There are 2 protein chains.
Amino acid sequence: MTQDGTSTIVGIPQVTSAILRGDAYAADCPTRRLLDRIGDKWSVLILLLLGDGELRFGQLKQRIGGISQKMLSQTLRALERDGLVTRHAEATVPVTVRYRATPLGSDLRAALRLMIDWAETRMPEVQAAQRRYDARVGG
Amino acid sequence: MTQDGTSTIVGIPQVTSAILRGDAYAADCPTRRLLDRIGDKWSVLILLLLGDGELRFGQLKQRIGGISQKMLSQTLRALERDGLVTRHAEATVPVTVRYRATPLGSDLRAALRLMIDWAETRMPEVQAAQRRYDARVGG
DNA sequence: CTGTATCCAAAGGGATACTG
DNA sequence: CAGTATCCCTTTGGATACAG
């Protein structure tokens with residue numbers, strides 16, 4: 001901890017160890033950037049879907065309601081760059097592209113599942129809390 | 001599955017069961033909205049910090065590098081509304097406010113920890129993948 | 001200390017058109 | 001089919017000022 005109350009962490013800052021030490025999270029922490037990407041709206045859904053095996057671009061697009069071609073393409077490229085999915089293009093006419101999760105991506109998917117399961121099972125409690133809050137604020 | 005290829009799910013759509021059925025995720029699925037909020041950049045960090053016990057507004061602000069007063073305030077209110085954190089204001093001068101995670105919030109925090117731990121331990125692999133990707137695309 | 005309100009710049013992301 | 005490029009509107013979020 002430096003004198004101004006923030007910590008300067010070299011190498012790969014570990015957010016959890018920063019917590020244990022009582023340090024501040026560096027704003028430019030690589031782990032935080034990665035966290036932003038993997039917690040991303042579309043990344044979560046794509047990884048979840050790719051747990052079932054290979055899927056084609058169009059299949060992903062169809063099954064993720066509301067995603068635009070641009071965002072799907074963009075997110076897939078980011079996932080590929082991070083080593084979370086692989087892309088295989090077959091030279092058919094028209095071209096066939098298949099995406100699948102890498103072992104690294106599958107591992108992340110397992111962690112994300114927990115978050116998704118939480119959201120699904122706890123949704124009623126969240127909605128009840130919202131109603132209570134709104135009633136309290138509104139009244 | 002309706003004829004246009006999308007599914008209309010009533011009540012609380014379950015994304016995982018939608019996957020198992022091969023249905024599309026509804027774009028307006030409440031679970032997806034909740035997922036967006038809990039995967040949010042700031043929510044994750046706040047919940048992580050509140051696992052240690054109570055923290056004051058200023059302490060949170062100090063320990064989360066780069067968060068603005070506006071976003072901290074805004075995110076805390078959203079978390080409170082969802083029943084994930086509680087807010088206790090003491091009528092001191094100036095006022096003292098303490099936040100802590102609810103049981104529901106703590107439970108979510110456990111799930112988020114897995115995601116964070118993944119990010120921290122797998123970061124080297126992700127960075128290696130990025131270098132490989134950039135080399136392949138650049139070259 | 002813990003907020004809220006406002007302004008405004010920057011980023012996100014949809015729609016559309018086009019290509020191998 | 002599976003993208004890329006562009007336009008442009010919308011949302012996000014920081015900075016600042018102000019208040020209980």
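All heavy atoms count here, side chains included; hydrogens, waters and symmetry mates do not. Since this is a predicted model, take the numbers as computed values, not measurements. Within every chain, numbering begins at 1; the chains are lettered A, B, ... in the order of the sequence lines, protein sequences first and strands thereafter.
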Return all side-chain donor-acceptor pairs below 3.5 angstrom for residues 54-61 of chain A, not counting sequence neighbours, or 'none' if the list is empty.
from    : atom 1 : to      : atom 2 : distance (Å)
A:Gln59 : OE1    : A:Arg56 : N      : 2.8
A:Lys61 : NZ     : A:Ile67 : O      : 3.1

Between [atom2] on [N] and [atom1] on [X], what's the gap in Å once rounded to a whole number?
X: B:Leu76; N: C:dC1; atom1: CG; atom2: P; result: 16 Å
X: B:Glu54; N: C:dT2; atom1: CD; atom2: P; result: 12 Å
X: A:Glu90; N: D:dA2; atom1: CD; atom2: P; result: 10 Å
X: A:Trp42; N: C:dG14; atom1: CH2; atom2: C1'; result: 11 Å
X: A:Asp36; N: C:dG12; atom1: CG; atom2: C1'; result: 14 Å
X: B:Glu80; N: C:dT2; atom1: CD; atom2: P; result: 15 Å
X: B:Ile67; N: D:dG14; atom1: CD1; atom2: P; result: 8 Å
X: A:Asp40; N: C:dG12; atom1: CG; atom2: P; result: 10 Å

Distance, nearest 0.5 Å, that separates OG1 of B:Thr86 from NE2 of B:His88
4.0 Å

For residues [X] and [Y], determine if any side-chain heavy atom of one lies less than 4.5 Å from a side-chain heavy atom of the other.
X: A:Leu108; Y: B:Arg122; result: no
X: B:Trp42; Y: B:Leu72; result: no
X: B:Val85; Y: B:Arg100; result: no

What are the two closest heavy atoms between A:Ala119 and B:Ile38, and how far apart are they?
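That would be CB-CD1, 4.4 Å.
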
Regarding [X], tell me which of base, sugar-phosphate or nothing describes its non-hydrogen contacts under 4.0 Å with the strands shown.
X: B:Arg77; answer: sugar-phosphate
X: A:Gln69; answer: base
X: A:Val95; answer: base

Heavy-atom nearest nucleotide on DNA chain D for A:Val97 versus B:Lys70: which residue maps closer to 5'?
A:Val97

Phosphate OP1/OP2 of [N] contacted by [X] side-chain N/O (<4.0 Å):
X: B:Tyr99; N: C:dG3; value: yes
X: B:Ser73; N: C:dT4; value: yes
X: B:Arg56; N: C:dT2; value: yes

Kindly calculate the angle separating the two end axes of the helix from C:dC1-D:dG20 to C:dG20-D:dC1, each obtained from five base pairs, and round it to 10 degrees.
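Overall, the helix from C:dC1-D:dG20 to C:dG20-D:dC1 bends by 50° from one end axis to the other.
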
Among D:dG3, D:dG13, C:dG13, which is the nearest nucleotide to the side chain of A:Arg87?
D:dG3

What's the closest nucleotide to the side chain of B:Met71 if the choices are D:dG14, C:dG3, C:dC1?
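Closest of the options to the side chain of B:Met71: D:dG14.
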
Exam field: side chain A:Thr102 to backbone A:Gly83, donor-acceptor pair closer than 3.5 Å
yes

